[in-house]
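None of the values given here were measured: they were computed from a predicted structure.
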Amino acid sequence: MRRPIAGSVILITGASSGIGAATARLLASYGATIVLCARRADELAHVRQSMHNPERHLVCTVDVTDAHAVAATVEHTIATLGRIDAVVCNAGVGVTGPVAELDYGNYLDAMAVNVGGFLHLVNAVNPYFSRQHGGQYVVISSVVGQHALPYTGGYAATKAALERLCEALRIESRGLGITVSVIRPGTVASGFFAHRIGPDREQRRTRSPGMAPEVVARSIVSALRYNRRIVYPRFRDLLLRVVADLFPMWSDAILARTIQWKQKTGDNETSSPAQDT
Ligand SMILES: NC(=O)c1ccc[n+]([C@@H]2O[C@H](COP(=O)([O-])OP(=O)(O)OC[C@H]3O[C@@H](n4cnc5c(N)ncnc54)[C@H](OP(=O)(O)O)[C@@H]3O)[C@@H](O)[C@H]2O)c1
């Protein structure tokens with residue numbers, strides 16, 4: 001069944017740039033009212049100005065690692081707009097480095113955003129969803145939530161944890177009208193790589209520019225409209241996942257050889273798929 005986007009109230013975390021900003025613009029163009037959430041107030045204001053009917057949308061400056069601030073944002077939204085129909089849990093950050101050198105503090109910082117931020121939002125929104133007998137979570141994971149790739153181990157662990165939480169939440173919500181969609185993008189051309197936590201020498205970038213954030217935004221709209229369970233915005237990423245599932249040793253060997261070759265040639269830039277996130 002096709003769910004209407006027009007007239008719905010959708011809260012998006014990480015709406016100040018990249019995927020979140022593109023999704024906000026697209027959903028607004030379909031007639032949704034958007035609650036734009038992130039820490040950078042100036043960027044949020046710019047995104048709102050670029051949207052269809054800017055005055056209709058709400059801007060909330062919030063750090064998703066702060067449970068009280070997230071709860072206050074949800075309360076403010078309900079008080080101002082009357083309801084929330086869906087949340088796009090998109091705020092996220094990468095953490096760099098080979099597992100053997102991964103800084104535990106950096107790893108916990110990424111967990112606090114990618115997993116803690118999601119939990120705080122669910123804790124705050126779920127009572128409203130339960131009361132109105134309906135609501136949808138659209139959660140931005142990553143292809144590495146299923147299969148870690150070299151130098152993405154810490155980040156992949158945060159997305160794997162996020163995916164397991166989504167699986168449990170989906171089952172716990174059965175019969176309550178609350179649904180959970182998971183989006184698994186590969187590399188996206190956004191500020192993500194510049195924002196990653198970790199030592200400079202690990203700030204490897206992909207040679208391929210990645211897909212435009214608008215491609216992921218379209219997948220998010222599709223998940224909202226058709227209540228899709230899992231969406232890969234790019235077919236190639238689904239195919240790589242199937243290959244890695246069917247031939248794991250072959251897949252590991254290719255990735256390891258790619259890295260060895262790069263070490264030999266001293267190439268600090270890693271090409272896809274080794275750095276898809
Ligand atoms: N880019 C990729 O290759 C890729 C691939 C797969 C999945 N993803 C996932 O896609 C999502 C969006 O990433 P993106 O590519 O659009 O990168 P981005 O441009 O860096 O966007 C990240 C967003 O998260 C927000 N954010 C970060 N920490 C926050 C915090 N503590 N509190 C509130 N907001 C916070 C940022 O806003 P402020 O800095 O203003 O707070 C920003 O709006 C992330 O979950 C990421 O893991 C990205």
Side-chain angles (χ1 to χ4, degrees), residues 3 5 8 10-30 32 34-38 40 43-44 46-48 50-52 57 64 86-94 110 113-115 117-118 121 136-147 149 152 155-156 158-160 162-163 166 179-196 205-242 272-273 275-277:
R3 293 180 176 179
I5 300 283
S8 57
I10 303 176
L11 184 150
I12 304 176
T13 65
S16 59
S17 60
I19 296 169
T23 305
R25 286 189 199 101
L26 189 59
L27 287 169
S29 75
Y30 289 127
I34 308 299
V35 185
L36 300 141
C37 304
R40 290 172 292 166
E43 298 300 324
L44 286 174
H46 278 128
V47 175
R48 183 166 96 147
S50 69
M51 291 162 66
H52 186 61
H57 312 289
V64 296
V87 292
V88 179
C89 310
N90 167 73
V93 69
V113 180
N114 300 355
V115 177
F118 166 74
L121 193 55
Q136 187 172 3
Y137 297 100
V138 179
V139 182
I140 315 309
S141 178
S142 165
V143 287
V144 300
Q146 297 296 299
H147 290 282
L149 295 166
T152 71
Y155 173 64
T158 70
K159 292 297 187 181
L162 186 62
E163 293 240 6
C166 288
T179 57
V180 183
S181 301
V182 170
I183 314 292
R184 292 182 183 154
T187 303
V188 180
S190 71
F192 178 83
F193 295 95
H195 297 151
R196 287 188 297 180
R205 276 179 294 156
T206 51
R207 279 212 190 93
S208 76
M211 68 189 113
E214 287 72 19
V215 175
V216 186
R218 285 198 287 276
S219 295
I220 293 170
V221 170
S222 161
L224 283 163
R225 269 199 180 131
Y226 302 104
N227 186 21
R228 296 177 67 189
R229 192 183 167 99
I230 292 170
V231 184
Y232 284 83
R234 196 169 50 176
F235 180 70
R236 192 193 88 165
D237 296 314
L238 172 61
L239 205 61
L240 286 173
R241 194 250 153 124
V242 171
S272 291
Q275 281 288 287
D276 274 359
T277 54

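Partner of V216 under the side-chain contact (heavy atoms from CB on, under 4.5 Å) criterion, out of V188, V231, L26: V188 alone.
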Could you give me the CA-CA distance, side-chain angles and deciding distance for H147 and L149, then say whether side-chain contact (heavy atoms from CB on, under 4.5 Å) is met? CA-CA 6 Å; H147 290 282; L149 295 166; 5.6 Å; no

Please evaluate residues N114 and Y155 with respect to the criterion side-chain contact (heavy atoms from CB on, under 4.5 Å), reporting the C-alpha separation (whole Å), side-chain torsions for both, the decisive distance (0.1 Å), and the verdict. CA-CA 9 Å; N114 300 355; Y155 173 64; 3.9 Å; yes

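Using a 4.5 Å heavy-atom threshold, the side chains of F193 and T187 count as touching. A 4.5 Å side-chain heavy-atom check between R3 and T179 finds at least one atom pair inside the cut-off. No side-chain heavy atom of V113 sits less than 4.5 Å from a side-chain heavy atom of F118. No side-chain heavy atom of Q136 sits under 4.5 Å from any side-chain heavy atom of V180.
For the atom pair CD1 (I12) and CD1 (I140), the distance works out to 9.0 Å, reported to the nearest 0.5 Å. Between N227 atom CG and S181 atom OG the span is 5.0 Å, to the nearest 0.5 Å. For the atom pair CG of L240 and CZ of F235, the computed distance is 10.0 Å after rounding to the nearest 0.5 Å. The structure places CD1 of I183 at 9.5 Å from OG of S141, a figure rounded to the nearest 0.5 Å.
For residues 179-189, the pairs satisfying salt bridge (Lys or Arg N to Asp or Glu O under 4.0 Å) are E163-R184, with sequence neighbours left out. Within the structure, the side chain to side chain donor-acceptor pair (under 3.5 Å) test picks out no pair touching residues 209-221 (sequence neighbours left out).
Residues that satisfy the side chain to side chain donor-acceptor pair (under 3.5 Å) test with N90, not counting sequence neighbours, are absent from this structure. Applying the side-chain contact (heavy atoms from CB on, under 4.5 Å) rule to S222 yields the partners Y226, R228; only residues at least two apart in sequence or on another chain are considered. Residues meeting the side-chain contact (heavy atoms from CB on, under 4.5 Å) test with L121, sequence neighbours left out: L11, T13, V70, V74, V87, C89, V125. Considering only residues two or more places apart in sequence or on other chains, Y137 meets the ring-ring contact (aromatic ring centres under 6.0 Å, His included) condition with F129. Residues meeting the side-chain contact (heavy atoms from CB on, under 4.5 Å) test with A32, sequence neighbours left out: I5, S8, I10, L27, I34.
Although no hydrogens or angles enter the test, the distance criterion places no donor-acceptor pair under 3.5 Å between the side chain of D237 and the main chain of V143. Between the side chain of K159 and the backbone N or O of V115, no donor-acceptor pair lies under 3.5 Å. Between the side chain of H57 and the backbone N or O of H52, at least one donor-acceptor pair lies under 3.5 Å.
Nearest heavy atoms, L44 versus C37: CD2-C, 4.0 Å. The two residues V47 and A15 have their closest heavy-atom pair at CG2-O, 3.6 Å. Residues C166 and V182 approach most closely at CB-CG2, 3.8 Å, considering heavy atoms.
Surrounding CZ of R225 are more than 12 heavy atoms belonging to other residues, nucleotides or ligands, all under 6.0 Å away.
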Please list, one pair per line, the donor and acceptor atoms closer than 3.5 Å that link side chains of residues 16-25 to other protein atoms, with sequence neighbours excluded.
| residue | atom | partner | partner atom | Å |
| --- | --- | --- | --- | --- |
| S16 | OG | R40 | NH2 | 3.2 |
| S17 | OG | R40 | NH2 | 3.2 |
| T23 | OG1 | I19 | O | 2.7 |
| R25 | NE | S50 | OG | 2.7 |

